[in-house]
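One structure is given below, encoded as structure tokens.
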Amino acid sequence: MSIKRYGAEEIGAGGKLLPFARAVAADGWLHVSGQVAMENGEIVDGNIVAQTHKAIGNLLAILKEADYGIEHVVRVGVWLDDPRDFWSFNKIYQEYFGAHPPARACVQSSMMVDCKVEIDCVAYKPKDAQYVRDDCVRISARISRLR
């Protein structure tokens with residue numbers, strides 16, 4: 001099994017090198033580290049709506065970089081700083097995950113950085129999905145020739 005790490009050299013808040021990878025892929029699984037509303041090493045200003053859009057946008061960018069899509073997400077973990085933000089968060093979350101709802105846990109927690117929300121996820125995509133599709137096409141063609 002091969003393991004690929006994404007963004008292990010990233011800089012976080014205060015210009016410090018982060019001691020973890022943004023995501024790790026192994027055997028078709030992609031584990032994405034918690035994403036906050038961060039841009040260029042700083043938390044963006046804004047309410048829960050703005051920060052949710054940015055945190056999910058960061059999550060989607062990592063998925064795309066690893067060649068995964070939102071449809072591959074099987075589990076999401078959410079940490080909210082203020083439980084009163086739950087319904088506002090849910091409204092934005094549904095805009096992104098409504099068509100492909102994964103399993104999810106959502107808890108209230110004090111944050112390590114000055115943000116309102118943190119989101120992580122686990123995604124799965126068979127690593128040889130293209131080869132499986134190609135084999136199916138070849139087998140189907142052979143069956144057609146036999147008829």
Side-chain angles (χ1 to χ4, degrees), residues 1-140:
M1 168 177 42
S2 66
I3 296 175
K4 182 171 182 181
R5 300 176 198 288
Y6 295 87
E9 66 289 335
E10 293 292 313
I11 302 296
K16 303 279 187 196
L17 186 64
L18 297 175
F20 55 87
R22 287 183 298 127
V24 176
D27 207 24
W29 293 94
L30 182 71
H31 294 259
V32 180
S33 294
Q35 298 300 301
V36 297
M38 186 174 285
E39 189 171 309
N40 300 320
E42 297 297 326
I43 300 296
V44 299
D45 289 332
N47 61 14
I48 187 64
V49 171
Q51 287 205 8
T52 299
H53 278 295
K54 182 62 178 168
I56 292 175
N58 290 345
L59 191 84
L60 294 177
I62 295 168
L63 288 169
K64 183 177 179 180
E65 178 184 348
D67 198 30
Y68 285 72
I70 200 164
E71 70 276 11
H72 298 116
V73 175
V74 296
R75 185 200 173 278
V76 171
V78 178
W79 293 264
L80 295 174
D81 185 55
D82 187 339
R84 294 172 293 187
D85 288 336
F86 181 75
W87 294 111
S88 297
F89 166 80
N90 259 352
K91 182 178 178 187
I92 304 308
Y93 178 90
Q94 175 132 11
E95 290 176 17
Y96 292 92
F97 290 98
H100 305 284
R104 186 184 93 179
C106 184
V107 298
Q108 186 270 328
S109 176
S110 296
M111 301 296 186
M112 299 307 292
V113 295
D114 190 21
C115 66
K116 299 180 183 311
V117 60
E118 182 170 346
I119 307 169
D120 73 1
C121 77
V122 176
Y124 177 75
K125 181 174 74 168
K127 63 180 183 171
D128 295 328
Q130 183 61 47
Y131 299 116
V132 171
R133 281 192 296 275
D134 292 347
D135 285 345
C136 289
V137 169
R138 282 192 291 275
I139 291 168
S140 180

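In this chain, residues are counted from 1 in sequence order. The structure displayed is predicted, hence computed values, not measured ones.
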Search all heavy atoms of N58 against all heavy atoms of Q35 and return the closest pair with its distance. CB-OE1, 3.6 Å
Side chain proximity check, K125 to D67, heavy atoms < 4.5 angstrom: yes
What's the separation between atom CZ in F97 and atom CD in E71, rounded to the nearest 0.5 Å? 11.0 Å
Shortest non-hydrogen separation from R75 to A105 and the atoms involved: NH2-CB, 3.9 Å
CG/L63 to CD1/I70 distance, rounded to the nearest 0.5 angstrom? 7.5 Å
Do the side chains of D85 and V117 get nearer than 4.5 Å, heavy atoms only? no
Is the shortest heavy-atom distance from the side chain of E65 to the side chain of R22 under 4.5 Å? yes
What are the two closest non-hydrogen atoms of G98 and P101, and how far apart are they? O-CD, 3.5 Å
Quick check: do W29 and V74 have side-chain heavy atoms less than 4.5 Å from each other? yes
Answer whether the closest heavy-atom distance between the side chains of I48 and L80 falls below 4.5 Å. yes
Other residues, nucleotides and ligands only: do more than 12 of their heavy atoms fall within 6.0 Å of CG on D45? no
Going through the checks in order, is the side chain to side chain contact (heavy atoms under 4.5 Å, CB included) test met by H100 and V73? CA-CA 8 Å; H100 305 284; V73 175; over 6 Å; no
Between the main-chain N or O of A50 and the side-chain N or O of H53, is there a donor-acceptor pair closer than 3.5 Å? no
Euclidean distance, E118 CD relative to M111 CE, rounded to 0.5 Å: 6.0 Å
When you look at C121 and V76, which way does the side chain to side chain contact (heavy atoms under 4.5 Å, CB included) test go after all the steps? CA-CA 4 Å; C121 77; V76 171; 4.2 Å; yes
Kindly compute the distance separating NZ (K4) from CG (L30), expressed to the nearest 0.5 Å. 10.5 Å
Is the number of heavy atoms from other residues, nucleotides or ligands within 6.0 Å of CD (Q94) greater than 12? no
Could you check if a side-chain atom of Y96 sits within less than 4.5 angstrom of a side-chain atom of L59, using non-hydrogen atoms only? no
Q108 side chain vs D81 backbone, donor-acceptor pair below 3.5 Å: yes
Considering non-hydrogen atoms only, spot the tightest contact between K116 and N47 and give its length. CD-C, 3.7 Å
Treating S88 as the side-chain partner and V49 as the backbone partner, does any N or O pair qualify as donor plus acceptor under 3.5 Å? no
Checking R104 against Y93: charged group under 6.0 Å from the ring centre and within 45 degrees of the axis? yes
Taking all non-hydrogen atoms of both residues, which atom of I43 and which atom of D114 are closest, and how far apart? CG2-O, 3.3 Å
Flag side-chain contact, heavy atom, 4.5 Å: W79 against D120: yes
Give the minimum heavy-atom separation between A21 and S33, together with the two atoms involved. O-OG, 2.6 Å
